[in-house]
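To find a chain, count down the sequence lines: A is the first, B the second, and so on, and within it residues start at 1. Everything quoted here is computed from the prediction, not taken from an experiment.
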There are 2 protein chains.
Amino acid sequence: MLTIGNLAKKTGTKVQTIRYYEQIGLMPEPGRTEGGQRRYGEAELDRLSFIRHSRQLGFSLDAIRELLDLGDHPDRPCQEADTIARRQLKQVERRMARLEALQTELRRMVRECSGGRTADCRVLEVLRDHSECLTDHEEIGV
Amino acid sequence: MLTIGNLAKKTGTKVQTIRYYEQIGLMPEPGRTEGGQRRYGEAELDRLSFIRHSRQLGFSLDAIRELLDLGDHPDRPCQEADTIARRQLKQVERRMARLEALQTELRRMVRECSGGRTADCRVLEVLRDHSECLTDHEEIGV
DNA sequence: GGTTGAACCTCCAGTGGCTAGAGGATGTAT
DNA sequence: ATACATCCTCTAGCCACTGGAGGTTCAACC
């Protein structure tokens, strides 16, 4: 039987985060000691590991919820899991493309900075005038 | 003189976002009509354009605040602006590296999915067992 | 059995960067 | 004068946590 602190250590999660997962129904309500402290078993350890690893791969908590559901139905076709993973891959690819454009632009800005007065600063100039940019980066926060 | 709606249109910002920027002190309090509606001039249009463009390049609102400050002191050396831009570039590079690792792993997961029952699903299997991963992806949300 | 002290508990608030909606006032064109 | 698009303030919500206050429990040691 694991205390919440030990479960946290084993999975690289913060204690508060585990309680948060319980609160939003991603983790089950565990057993308690007489004094009211949570105690966890193997099943919960596995489930939390799954959640954490999925988070590391960038899946949203909603997506993880779906994936956990699928894991509970071993006889259903795995197409759905595949779809969720593909969706996630698409998102990662879109973000990569965007970051690449930003990288290009930022590198150019920094390279062209001559180190003079702020008045002549290329960095500020480029930020002031979008038309100086060579790449597309219309979206925010993708 | 621009209404808030027109300023929004010209800069590709939502009206609420402009009011939010005012609230947190990123945009100045503009003049008002007798009835209390906001009216904006060229200076505000320029400032908001600067903010939006910086956001598109991924700068945080705090960083943007610093950059705006620098723009108000044309005689100071532009080293600080350079530093902020370099910091931003570093962050973008870190994110890119991380996303690349995720991409690799997700592609492998999806490629190996045979389309059978959920019980044999590679996607779920990999998520269950981190040791199946070839890449490092410890951090969350970078 | 008593005493530490680390770890646990609940509850509330805050992060960033917006976004949405309620309920009402204003501005402009006809 | 009227219609109605746009404006106003205020509050609350999003995601995925994180931190802290103030109090309780557990396990080890004497």
Side-chain angles (χ1 to χ4, degrees), chain A residues 1-27 29-40 44 48 50-68 87-88 91 95 98 138-142, chain B residues 1-27 29-40 44 48 50-68 87-88 91 95 98 138-142:
Chain A
M1 283 296 161
L2 291 162
T3 63
I4 196 170
N6 287 348
L7 181 64
K9 231 170 264 166
K10 275 190 186 246
T11 56
T13 317
K14 302 220 166 174
V15 166
Q16 282 105 318
T17 304
I18 298 175
R19 290 201 275 250
Y20 168 72
Y21 286 162
E22 181 184 326
Q23 197 185 301
I24 62 168
L26 205 59
M27 286 291 286
E29 290 189 24
R32 301 263 185 160
T33 62
E34 287 193 14
Q37 298 196 354
R38 292 167 179 84
R39 288 298 121 97
Y40 296 93
E44 282 108 331
L48 185 54
F50 184 98
I51 293 171
R52 284 273 104 185
H53 191 203
S54 304
R55 286 292 298 136
Q56 282 170 4
L57 285 165
F59 289 92
S60 72
L61 293 184
D62 265 359
I64 293 171
R65 220 185 284 268
E66 290 181 69
L67 289 167
L68 283 166
R87 202 204 296 150
Q88 180 60 21
Q91 211 188 71
R95 275 193 215 161
R98 190 170 133 66
E138 300 303 323
E139 298 162 284
I140 287 183
V142 174
Chain B
M1 284 295 160
L2 291 162
T3 64
I4 196 170
N6 287 348
L7 181 64
K9 230 170 266 166
K10 274 190 187 243
T11 55
T13 317
K14 302 221 169 175
V15 166
Q16 282 104 316
T17 305
I18 299 176
R19 289 200 276 249
Y20 168 72
Y21 286 162
E22 182 184 327
Q23 196 184 302
I24 62 169
L26 205 59
M27 286 291 286
E29 290 188 23
R32 302 260 185 161
T33 62
E34 287 194 12
Q37 299 196 354
R38 291 167 178 84
R39 287 298 122 95
Y40 296 93
E44 282 106 330
L48 185 54
F50 183 98
I51 294 172
R52 285 272 105 187
H53 192 204
S54 304
R55 285 292 298 135
Q56 282 168 5
L57 285 165
F59 289 91
S60 71
L61 293 185
D62 265 358
I64 293 170
R65 220 185 284 268
E66 292 183 67
L67 289 167
L68 283 166
R87 200 205 299 151
Q88 178 60 21
Q91 211 189 73
R95 274 194 219 161
R98 192 171 130 67
E138 299 303 320
E139 298 162 285
I140 287 183
V142 174

Exercise. What residues in residues 55-62 of chain B put a non-hydrogen atom under 4.0 Å from any atom of DNA chain C?
Worked result: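 Output list: B:R55, B:S60, B:L61.
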Which heavy atom of [X] sits nearest a heavy atom of [Y], and at what distance?
| X | Y | answer |
| --- | --- | --- |
| A:N6 | A:L2 | CB-CD2, 3.8 Å |
| B:V15 | B:A8 | CG2-CB, 3.9 Å |
| B:Y21 | B:L61 | CE2-CD2, 4.0 Å |

Please report the interatomic distance [atom1]([X]) to [atom2]([Y]), rounded to the nearest 0.5 Å.
| X | Y | atom1 | atom2 | result |
| --- | --- | --- | --- | --- |
| B:H53 | B:T11 | NE2 | OG1 | 13.0 Å |
| A:L67 | A:F50 | CG | CZ | 5.0 Å |
| B:M27 | B:Y40 | CE | OH | 6.0 Å |

Problem set entry | Start and end of chain B contact along DNA chain D [non-hydrogen atoms, under 4.0 Å] |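 Extent of the interface on DNA chain D: D:dC7 to D:dT9.
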Is the backbone of [Y] close enough, under 3.5 Å, to the side chain of [X] for a donor and an acceptor to pair up by distance?
| X | Y | value |
| --- | --- | --- |
| A:R98 | A:E139 | yes |
| A:R52 | A:T13 | no |
| B:Q37 | B:T3 | no |
| B:Q88 | B:L57 | yes |

Dump the pairs, protein N or O against N or O of nucleotides 11-15 of chain C, anything under 3.5 Å, distances to one decimal.
none

Exercise. In chain order, what residues pass the salt bridge (charged side-chain N to carboxylate O under 4.0 Å, His left out) check against A:R87, with sequence neighbours excluded?
Worked result: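 Partners of A:R87 under the salt bridge (charged side-chain N to carboxylate O under 4.0 Å, His left out) test: A:E66.
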May I have the distance from [X] (atom [atom1]) to [N] (atom [atom2]), rounded to whole angstrom?
| X | N | atom1 | atom2 | answer |
| --- | --- | --- | --- | --- |
| B:Y20 | C:dA20 | OH | P | 15 Å |
| A:E22 | C:dC9 | CD | C1' | 12 Å |
| A:I4 | C:dA6 | CD1 | C1' | 15 Å |
| B:I18 | C:dT19 | CD1 | P | 11 Å |

Problem set entry | Test side chain to side chain contact (heavy atoms under 4.5 Å, CB included) applied to A:I51 and A:L68, step by step | CA-CA 8 Å; A:I51 293 171; A:L68 283 166; 4.0 Å; yes
Look for any protein N or O under 3.5 Å of an N or O in nucleotides 27-30 of chain C and output each such pair with its distance, or none.
from	atom 1	to	atom 2	distance (Å)
C:dG27	OP1	B:T33	OG1	2.6
C:dG27	OP1	B:G35	N	3.2

For this session: Could I get the full list of side-chain contact (heavy atoms from CB on, under 4.5 Å) partners for B:R65, not counting sequence neighbours?
Result: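 Partners of B:R65 by the side-chain contact (heavy atoms from CB on, under 4.5 Å) criterion, ordered by chain and then number, come out as B:I24, B:L26, B:D62.
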Exercise. Counting any heavy atom closer than 4.0 Å, what does B:R52 reach on the DNA or RNA strands: base, sugar-phosphate only, or nothing?
Worked result: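 Result for B:R52 = sugar-phosphate.
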